[in-house]
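From a predicted model like this one, the values you see are computed outputs, not experimental measurements.
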Amino acid sequence: MRTRTTRQGSVAAALLLALCAPTAVAAPVDSAVESADASSAESAGAALVARRAALAAASRGGGAAGLDFRACPAVEDLPSRVRCATLRVPLDYARPDGPQISLTVSRAAATGAGGAARQGALVQNPGGPGASGMYFPLVADLPGWERIAAAYDFVGYAPRGVGRSAPLSCTDPAARPRGPVQEPVHPSPAYKAERLAQARAYANGCARRAGAALPYYTTLNNARDLHVLRAALGEERLTLMGASYGTYLGAVYATLYPGHVRRMVLDSAVDPDPRRVWYRNNLDQARGFEGRWHDFRAWVARHHGTYGLGTTPAAVQAAYERVRDAVARTPAGGNVGTGELRAAFLQAAYYDDVWPDRAAALAAFLRGDPSLLAAQAAPDPASAAEAENATAVYTAVLCNDAPWPADWATWDRDNTELARTAPFETWANAFLNLPCASWPVRARQAPVAVGSQPERLPRTLVVAAERDGATPYPGALELQRRLGAGSSLVTETGAGSHGVVGGRNDCVDRHVERYLLTGATPGWRVTCTPHPEPAPVSLDDGAAGARRALLPPVV
């Protein structure tokens, strides 16, 4: 789902069935969903590869792991205390000895501070799909993580397709339009037809550049890769911190491998109901973003004395629309049009710590200074390849994961209706995921029935913000229900920043630390009061640099 937005700019969301364009890559299965025989073969293959990885880990001394951790390549830009390795896994688990791909892994060993006993590896997935967790070992140095870092190795990895892990690409980053992008407020039939053609071209580009590998970028294979990584780390059971899409990955893993779950922190939960994966989840997301967009405007209105943008959310909306009309005529900085403007302010629907910056940029623009807006919203050419890779993985996983509507009339009807009450992000979300309507892979996965495993899971911890727009709160309730009686839900009431764990809310972080260190959960459902709203400061105010050290943004 549109868990693909980062603070640098990209976005995503979706779920429907598609089979329009002629397939440019041989699909391994002829049916619309994975056959029972193929699924059984893949499960057997994953079990075999995991056993081999466990034996390799044991031969290296168990806790030392079966991975050969060495100095990280310079391209990872990680300090010397972080070590890196590669994990070989099959492209297709039905052929465990067939073509292999390499996944990059990073690790910071448990510090043992204060005499803490090592509890194993804490593996993190930051979401997306399409995000890399290679940075995760750096979190061990952030304030508040000392006790967890004393007991756990912090392990990050780049899932298949991401970064240097068998990287997936659908277009040449150098050939992507550099902006400005101008998006109409109300897309016309002609504009919609143009975007539909672009989506088909993008889908065909994925098939052309990925070839026969394209069908194997799926959540099921991500879960199998995680199973092998667990074994290669010398761990009998997995301790996972998953955020956003990472919660869905964790839930699928728990369903496939319940006997190999130790502890799971699932932060900002995706709704795992197979009926909502992924198309309906993204319709829900557009509604959630609309509510969070209102929260931002209400905050700006409360600080009219600082920003002068209006004393009501409607007045702030009018100010935003004046800026939007202006950049439609004359792009800010030459490359910030209405598309870049919307993407920059979508970040305000994800993370409230950007609210002061975005409000200051609007205010400065309307006073005649476009430089702040240009600085915040302009695409970064240096990150073009990374953004293209992330979008490609996001698209492939979501399109492969589930059936999508192939009929444009369905998309048009649903999103036209939704845009009447949630105009802020509806059409951008729809167009982002539209390649799934003509995805050139015949065999779609059947979404996993999360919670259908026969055995009871150990205690798990779900964390959610009540007003999260990217992963709306009902998804956390559904995930907890499916994980069963051992699952605990910690809710940050009245808050909506995406990614609750790691520096915003002390109450939430105490529950997470206690759970990871002892396995104890706080009860079926508990609440934490919201973290403080950001202070209304301008970019050149010294107070702007005094923000708390946060876990890097989940996507």
Side-chain angles (χ1 to χ4, degrees), residues 2 5 9 11 13 179-192 194-195 285-352 354-379 415-432 467 469 496 534 536 538-539:
R2 178 177 297 207
T5 289
V11 229
V181 173
Q182 301 293 7
E183 300 174 343
V185 177
H186 305 291
S188 66
Y191 182 80
K192 293 174 183 177
E194 179 184 345
R195 294 301 300 263
Q285 189 179 61
R287 295 185 187 94
F289 282 139
E290 194 68 28
R292 199 61 183 142
W293 174 237
H294 178 275
D295 291 349
F296 166 67
R297 291 182 289 121
W299 178 86
V300 175
R302 288 196 295 275
H303 299 293
H304 174 70
T306 299
Y307 300 113
L309 292 171
T311 59
T312 65
V316 176
Q317 177 70 27
Y320 174 81
E321 290 173 0
R322 290 197 298 275
V323 174
R324 186 179 63 198
D325 292 345
V327 300
R329 296 188 300 269
T330 306
N335 58 359
V336 174
T338 56
E340 290 80 11
L341 178 74
R342 176 200 49 76
F345 279 84
L346 178 61
Q347 294 173 33
Y350 273 86
Y351 318 110
D352 62 17
V354 307
W355 287 1
D357 295 358
R358 295 296 182 268
L362 282 184
F365 187 97
L366 291 173
R367 291 195 301 265
D369 178 8
S371 62
L372 294 183
L373 181 62
Q376 293 180 32
N415 286 281
T416 297
E417 176 64 26
L418 181 58
R420 292 190 177 102
T421 56
F424 177 64
E425 187 63 15
T426 290
W427 282 113
N429 223 15
F431 293 139
L432 176 68
R467 293 190 58 78
S538 61
L539 288 182

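Considering every non-hydrogen atom in both A364 and L372, the closest pair reads CB-CD1, 3.7 Å. A pairwise comparison of heavy atoms in L341 and V336 identifies N-CG1, 4.1 Å as the closest pair. Scanning both residues, P180 and G334, for their nearest heavy atoms gives CD-O, 3.6 Å. Smallest separation of non-hydrogen atoms from K192 and T416: NZ-OG1, 3.7 Å. Of all the heavy atoms in R358 and A348, the pair that sits closest is CG-CB, 4.5 Å. The shortest non-hydrogen separation linking A286 to T426 is CB-OG1, 3.6 Å.
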Discussion item. What verdict does the side chain to side chain contact (heavy atoms under 4.5 Å, CB included) test give for F424 and L346, after you've listed the backbone C-alpha separation in whole Å, the side-chain angles of each residue and the deciding distance to 0.1 Å?
Written reply: CA-CA 9 Å; F424 177 64; L346 178 61; 4.0 Å; yes
Fill in: Criterion ring pair (Phe, Tyr, Trp, His ring centres under 6.0 Å) on Y307 and W355, from CA distance to verdict
CA-CA 11 Å; Y307 300 113; W355 287 1; over 10 Å; no
Practice prompt. Starting from the C-alpha separation in whole Å, work towards a yes-or-no answer on side chain to side chain contact (heavy atoms under 4.5 Å, CB included) for E321 and V185.
Written response: CA-CA 10 Å; E321 290 173 0; V185 177; over 6 Å; no
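P331 has its side chain within reach of Q182: a pair of non-hydrogen atoms, C-beta onward, lies under 4.5 Å apart. With contacts defined as side-chain heavy-atom distances shorter than 4.5 Å, the pair R292/D352 qualifies. Counting heavy atoms from C-beta on, the side chains of Y191 and W427 never come closer than 4.5 Å. Side-chain contact check for L309 versus L366: some heavy-atom pair is nearer than 4.5 Å.
Looking only at atom types and distance, the side chain of Q376 has no donor-acceptor partner in the side chain of D357 under 3.5 Å away.
The structure places CZ of R324 at 11.5 Å from CZ of R342, a figure rounded to the nearest 0.5 Å. Distance check: D295 CG to E290 CD gives 11.0 Å after rounding to the nearest 0.5 Å. Once rounded to the nearest 0.5 Å, the distance linking CG of L373 with CD of E340 reads 10.0 Å.
The stretch residues 301-315 participates, sequence neighbours left out, in these salt bridge (Lys or Arg N to Asp or Glu O under 4.0 Å) pairs: R302-E533.
In terms of the side chain to side chain donor-acceptor pair (under 3.5 Å) criterion, R329 has no residue partners (sequence neighbours excluded).
A donor-acceptor pair is defined here as one N or O able to donate and one able to accept, closer than 3.5 Å; such a pair exists between the side chain of T338 and the backbone of E183. Under a 3.5 Å cut-off, the side chain of R467 and the backbone N or O of G496 do not form any donor-acceptor pair. Side chain of W299 to backbone of P534: a donor-acceptor contact under 3.5 angstrom is found.
A perpendicular orientation is assigned to the rings of Y320 and F345, their planes being inclined by more than 60° (bins at 30° and 60°).
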